[in-house]
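To find a chain, count down the sequence lines: A is the first, B the second, and so on, and within it residues start at 1. These values consider heavy atoms only, across backbone and side chains, with no hydrogens, waters or symmetry-generated copies.
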There are 2 protein chains.
Amino acid sequence: MANTPRYKHLYEILRKHIIDGVYKKGDLLPSENELCRVHRITRPTVRHALDSLVRDGFIKKQQGKGSIVSTLPQGIGILSLKGTTTAIGLSNLKTKILAGPEIRAWDQSFMFPLSDIEKESGYVYMERLRILDGKPIFFDINYLPNINLPRFTARSFEDRSLFDILRKHYSIRVVGGEQRLKAIKADEQIGRYLNVRKGSPILHLERKIATNRVDYYFYSSVFCNTDISAIYGTF
Amino acid sequence: MANTPRYKHLYEILRKHIIDGVYKKGDLLPSENELCRVHRITRPTVRHALDSLVRDGFIKKQQGKGSIVSTLPQGIGILSLKGTTTAIGLSNLKTKILAGPEIRAWDQSFMFPLSDIEKESGYVYMERLRILDGKPIFFDINYLPNINLPRFTARSFEDRSLFDILRKHYSIRVVGGEQRLKAIKADEQIGRYLNVRKGSPILHLERKIATNRVDYYFYSSVFCNTDISAIYGTF
DNA sequence: GAGTGGTCTAGACCACGCA
DNA sequence: GCGTGGTCTAGACCACTCT
């Protein structure tokens with residue numbers, strides 16, 4: 001806690017306050033100068049924290065007026081936020097492991113190009129189902145290159161965030177990524193998992209997720225039933 | 001041009017160089033200190049520009065090494081970039097106006113909540129079809145609140161960016177927004193426009209777009225045929 | 001050790017909103 | 001006219017990468 005950057009610390013505090021309702025929609029955050037005084041940091045540092053809140057859609061800024069708390073996102077904030085379990089108001093999001101974790105060799109044609117090291121190492125395979133209010137909402141297939149992940153397949157993942165486990169046990173943090181989106185028809189298997197008819201429209205995300213480990217990426221193929229909850233994002 | 005912020009100016013220069021191939025994938029950008037010297041600005045300003053490039057997916061940074069040019073996005077960068085026509089490598093993207101622009105009154109249940117001023121003013125309605133390499137790829141319906149937009153319905157929009165017209169004639173710039181995504185089935189009309197069978201899976205985006213005019217938003221409902229080109233974004 | 005990006009300070013001037 | 005956020009300067013120290 002002590003060695004987290006000050007701007008990130010302030011970000012977390014304000015984010016929590018907004019989510020917890022200390023500041024409500026339309027409220028003004030304390031002014032930048034006030035935040036400077038209270039937290040004993042300088043304005044560029046405060047502004048760095050506020051910029052992150054703007055980027056993540058929590059506040060909007062207005063020159064001459066202040067930082068205005070925005071409407072909380074409705075729907076699942078998978079597009080811009082880091083990890084689905086951290087999405088807002090989803091405390092009742094359950095995770096069920098359908099397959100794995102187990103080590104596999106890469107298939108011939110993977111959805112993203114792979115480096116030689118990744119190809120040689122194989123990957124940890126894992127299928128998960130995310131359930132919101134009893135309704136299956138995501139089905140995701142994860143591919144983690146098997147590079148320096150000791151005892152990974154032996155860990156328990158039920159109802160725990162994959163991102164949390166990577167952070168706590170392997171010091172791997174997600175720092176960003178890229179993704180492709182398509183609307184597809186549910187096949188037999190997807191339909192069964194997401195409890196929709198075969199042929200129903202499903203949102204498919206193919207994600208390449210970057211981490212703080214240089215050149216360590218992992219990959220995720222996510223199928224979403226957007227009938228239950230739309231995907232939400234800011235830009 | 002002279003009064004654009006320095007960080008934005010540098011962003012535009014570097015962005016153009018990356019798109020034009022001056023810096024290729026994997027290349028290192030000049031170091032931050034070098035950019036300071038060349039452009040006669042200080043490091044926080046340079047870093048502000050580089051942060052924007054990271055956010056938009058053009059570069060990745062690595063401590064101790066430098067700023068590395070990323071792979072150029074493949075697909076349509078509608079998720080994070082501002083306006084589809086500005087997407088990369090889409091010089092052959094044509095726009096066809098299918099309806100409007102014309103002034104209408106709001107429907108009872110609009111996809112986003114509206115302020116009283118918006119409700120009273122009505123909106124400029126416009127349907128557009130975006131065609132990539134001869135294939136229809138987007139169909140979008142736009143709703144611009146009819147507030148201080150003189151002569152808007154008289155302007156020509158064929159093959160011109162809506163964002164450009166707003167900027168040049170009305171000094172309205174897009175500064176961000178929020179969006180919801182769903183996978184839906186094409187109905188009769190959407191199928192006809194996008195040249196797919198009724199019932200085909202289609203990506204539907206509902207967007208609320210914020211501008212530099214305080215409290216001026218406009219709205220867009222976009223239908224994408226993702227069979228032709230996936231939607232691409234960074235996070 | 002030299003160079004890189006990551007974080008932070010302590011100021012400054014400006015444009016904008018509001019009373 | 002005052003306080004707000006927007007931009008910018010001129011430094012500083014640190015962690016990291018490469019050689």
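- Judged purely by atom type and a 3.5 angstrom limit, Tyr123(A) has no side-chain atom pairing as donor or acceptor with the backbone of Glu118(A).
- The backbone N or O of Met111(B) lies less than 3.5 Å from a partner atom in the side chain of Arg180(B), making a donor-acceptor pair.
- Contact between the side-chain N/O atoms of Ser67(A) and the OP1/OP2 oxygens of dG5(D) is found at a separation under 4.0 Å.
- With sequence neighbours excluded, the residues that form a side chain to side chain contact (heavy atoms under 4.5 Å, CB included) with His17(A) are Ile13(A), Val22(A), Tyr23(A).
- In this structure, the side chain to side chain contact (heavy atoms under 4.5 Å, CB included) partners of Ile68(B), at least two apart in sequence or on a different chain, are Leu28(B), Gln62(B).
- By the side chain to side chain contact (heavy atoms under 4.5 Å, CB included) test, Glu34(B) is found to be paired with Pro30(B), Ser31(B), Arg37(B), Val38(B), residues two or more places apart in sequence or in another chain being considered.
- Taking only side-chain nitrogens and oxygens, Tyr7(B) comes nearer than 4.0 Å to OP1 or OP2 of dT7(D).
- In this structure, Leu50(B) atom CG and dT4(C) atom P are separated by 13 Å, rounded to whole Å.
- If you measure from atom CG of Asn33(A) to atom P of dG5(D), you get 7 Å, rounded to the nearest angstrom.
- Remark: P of dC8(C) and CZ of Arg47(A) are 16 Å apart, rounded to the nearest angstrom.
- With rounding to whole Å, Lys8(A) atom NZ is found 6 Å from dT7(C) atom P.
- Rounded to an integer number of Å, the gap from CG of Leu28(B) to P of dC16(D) is 19 Å.
- Scanning for side chain to side chain contact (heavy atoms under 4.5 Å, CB included) contacts around Asp215(B) gives an empty result, with sequence neighbours left out.
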Fill in the blank from the handout: Readout for nucleotides 9-19 of chain C: B = base within 4.0 Å of protein heavy atom, S = sugar-phosphate only, - = neither; 5' to 3' it is BB-B--BBSS-
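- A sub-4.0 Å separation between OP1 or OP2 of dG3(C) and a side-chain N or O of Ser31(B) is absent.
- Rounding to whole angstrom units, CG of residue Asn212(B) and P of dG5(D) are separated by 19 Å.
- Residues satisfying the salt bridge (Lys or Arg N to Asp or Glu O under 4.0 Å) criterion with Arg104(B), sequence neighbours excluded, are Glu102(B).
- The distance from atom CG of Asp51(B) to atom C1' of dT7(C) is 12 Å, rounded to the nearest whole Å.
- Taking atom CG of residue Leu10(A) and atom C1' of nucleotide dT7(C), one finds them 14 Å apart after rounding to whole Å.
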